[in-house]
Enquirer: 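Take this structure, written in structure tokens, and hold onto it; I'll ask about it next.
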4 protein chains.
Amino acid sequence: MMVKQINLNADMGESFGAYSMGNDPAMLTVVTSANVACGFHAGDPLVMRETVGLAFQNGVSVGAHPGFPDLQGFGRRRMALSASEVEAFVVVQIGALQAVAAAAGGRVTHVKPHGALSNIAAADDALATAIARAIAAVDKTLIFLAPACSAMARAGDAAGLSMAIEIFADRAYASDGQLVSRGQPGAMIHDPQAAQEHVLRMVREQALFPLAGGRIETPVDSICVHGDGPEALATARLVREGLTADGYALTPIPDLARLRLA
Amino acid sequence: MMVKQINLNADMGESFGAYSMGNDPAMLTVVTSANVACGFHAGDPLVMRETVGLAFQNGVSVGAHPGFPDLQGFGRRRMALSASEVEAFVVVQIGALQAVAAAAGGRVTHVKPHGALSNIAAADDALATAIARAIAAVDKTLIFLAPACSAMARAGDAAGLSMAIEIFADRAYASDGQLVSRGQPGAMIHDPQAAQEHVLRMVREQALFPLAGGRIETPVDSICVHGDGPEALATARLVREGLTADGYALTPIPDLARLRLA
Amino acid sequence: MMVKQINLNADMGESFGAYSMGNDPAMLTVVTSANVACGFHAGDPLVMRETVGLAFQNGVSVGAHPGFPDLQGFGRRRMALSASEVEAFVVVQIGALQAVAAAAGGRVTHVKPHGALSNIAAADDALATAIARAIAAVDKTLIFLAPACSAMARAGDAAGLSMAIEIFADRAYASDGQLVSRGQPGAMIHDPQAAQEHVLRMVREQALFPLAGGRIETPVDSICVHGDGPEALATARLVREGLTADGYALTPIPDLARLRLA
Amino acid sequence: MMVKQINLNADMGESFGAYSMGNDPAMLTVVTSANVACGFHAGDPLVMRETVGLAFQNGVSVGAHPGFPDLQGFGRRRMALSASEVEAFVVVQIGALQAVAAAAGGRVTHVKPHGALSNIAAADDALATAIARAIAAVDKTLIFLAPACSAMARAGDAAGLSMAIEIFADRAYASDGQLVSRGQPGAMIHDPQAAQEHVLRMVREQALFPLAGGRIETPVDSICVHGDGPEALATARLVREGLTADGYALTPIPDLARLRLA
């Protein structure tokens, strides 16, 4: 009998200089993959080195988490970069982390865009394609960790990249498979127990269940959890426990990426 | 009969955003290796991509040119980074350029520190060792392009890196083999003809000839020339012509790096 | 008989560190007001000091030219800053230049937004109001130099600020009084003679003449010219000569700002 | 009978974007003057606005806290800026905060350099003079808050600036009146009670008492306390209580600055 595999990922390495953010050591005991900031929206060479080293020590696989060049806005403000600019910025950020990983004796195995870049590219085919092109240009074996039902999922698949498809533990979905915007009622799932049930249903059924009703089929390879705040950490742990109880093996991304989405 | 080989290198990719610097297309017809800024003291992802692409089109080998994180000071201001910080900053800059090179279908083959980082590490064993360690940690096959008689030359050699040793076409040497400081009389060699003779003598004899007299034996694998200003370009061309007339084959760095200095 | 007054303004102080941009010394002999970059999209403390000093030596009045915090994009990329963020960013940039002007023995007398910030605020009432609020909060006597028919012109007027209304020498107007986008045919007026006639007609008639025909009444207090490239400088000089021949006195902004637009 | 006055100051506004630092709301109930970061080593326009607003609400006077342009190093790394560069950088940072204060309905009343800039200028007459010149050039009524026995104290006095002389609650002094370097044994005074006694002795006697013995006469107008960590806050409160018990009135800097040091 085949063991069912699932991945838990979280954003990490978001400290900068004297500024500390997140609770990476605790989260690294919960997740199996880390998306590490690359110095453009967060992180710096020292933080990158420390984060990657800690991840490898914990057996957590490392992905590049490229974002907009906007440290003061933490990459959360939309910026009008062209597809060509986005491609160049993603290439450089992947490379920076690859060298850090190599120096730590390991490898970057996936890429997941951050913040406003991810939000735009989730719905914008040109930017999604630029990101996929950047990943493929640097290293065709890198896995694109993309949100379910997003333009990035389609673009990565079209580019022939290995894909891992993620859902969000604490976010509700709209009828088109996109995330309900944070401002909207019901967008956020604050209760850890509710988040656990939300995740387990999507993972078991390999489908999204939009807030307004209905069902959207999608592969679900990974669950994105957050680590800032005690509730977030509790949610992450509860999601992990629920998946384990359900018979899933928690697995780093390279062990479960798939080559075709359909 | 063996052909004598020599390398000509110059700093490139120092433009930034809307700001243009240097004359890279012209210089790429003169030199055989380019030291490409990595976005910390100069350069940005778009400039890096354009520079690396142009270099490869011209058969010019590409090296990372890491510097201090000081764009406004162009990496020319001394900053008190610890050896551990320098190591992390160099790793990240090499990686950023490696990804750009990979995306362009090629490879970064050498590393040469920039500006104040280079000036400090030329005489500071701890920083020189940190740079050598960074290079080796990212990729042991990278060649360290280091100034003759510098702490970097010694540190790279001690770290087991392939080395290429450079001299400067337009700079006079002090009795300890270091560059005469720019403020000092005779530090700069402005006349292109004088620079050519200065270079040819050092290359033929594989030695430095300090301003105050004497002779210091050193391997000489590469000559650093500059491209900003019409005189600099004229000097670069004259140096190339002199070397060719002298029977040297102008060669990219990977074709002539040596494994041992002594 | 009253002398008719008109202002010529240009963006200046856009160099950064080792990077040079524009031809400020030449332009300062042509214009009567300078919009000086404040270090967020261009400029740095040394460039600000040099530019303001040169402007005062030439009897040219100095304005703050605040932009988005995006040096690599030169403030030309749209960024999704909230009105509250824009207000805070404009306040800080005005203040930085005010101190430089004070240290040079003079004063900042106007404010003109730059690049993408200006393009957005030309049509966005909330951002235009935020900019007007920032100006008034720092110093109610500062003059808002705003494009004809823009949301900024309306917002500044509504905030009770002294206003100067500008037209662009080298740009065509759309039927709503906004600039024709650069990509559109006819958007740019490259011929210096044509630009001169374009300006003189608008100044004489105190109206815009859209590309598609028609006429939009507007005060015209200032003409924005550019200095990058020999044609731009030629255009600026021709515009100045045309205005002088037409009987206008070229005047710094503080001498002609108006308190009411209608 | 005259009330004895003393000032308590602390660094504030050191958060940046999404990054939080310090405990400004609590510290603003303890100190009577705040040194506010100006965006070069810490702080940003939003943080500056919030900090200045909070300070004014608490009746705390506001000073500019200029530092090196090194956000990633938090202004703690030495950078080789020339005196002319330092002057320009200080001018701009003062101005940025002045505008924020004006927009909040108040004024910047003092200037205190930060981190490595302060450490260098404490002993370097040229940089100290550059800072004094910057302050005087922007506004001759600004008070220079300078460490006891420092080159800055001498330079400000020589420049005719109003001065306030500070001591550090948690640091021991060397025989030349400089701070004992952090690495040295006894450099830091961790015990809040010991810090209180250390402060009270210096304030009562208007003198420093070097670790190695002896006594150095100096005016003492202000005590610098820190707010990061619960011990620091406890120390700050204990120092305040001790001063109050000793009959001192805790006073903002503008109420006690002195025009002559000797």
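Letters A, B, ... are given to chains in the order of the sequence lines, protein chains preceding strands, and every chain is numbered from 1.
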Enquirer: Quick check on the interface: out of A/E85, A/M48, A/Q98, who has the most heavy-atom pairs with chain B under 4.5 Å?
Expert: A/E85
Enquirer: Counting heavy-atom pairs under 4.5 Å to chain B, which of A/A102, A/P45, A/P69, A/G39 comes out on top?
Expert: A/P45
Enquirer: Heavy-atom pairs under 4.5 Å with chain A: which of B/D44, B/V90, B/L46 has the most?
Expert: B/L46
Enquirer: Among B/A99, B/A134, B/G105, who wins on heavy-atom pairs under 4.5 Å with chain A?
Expert: B/A99
Enquirer: Can you see which heavy atom on A/V92 is nearest to which on B/V100, and at what distance?
Expert: CG2-CG2, 3.6 Å
Enquirer: Is the count of non-hydrogen atoms from other residues, nucleotides or ligands lying under 6.0 Å from A/E50 atom CD greater than 12?
Expert: no
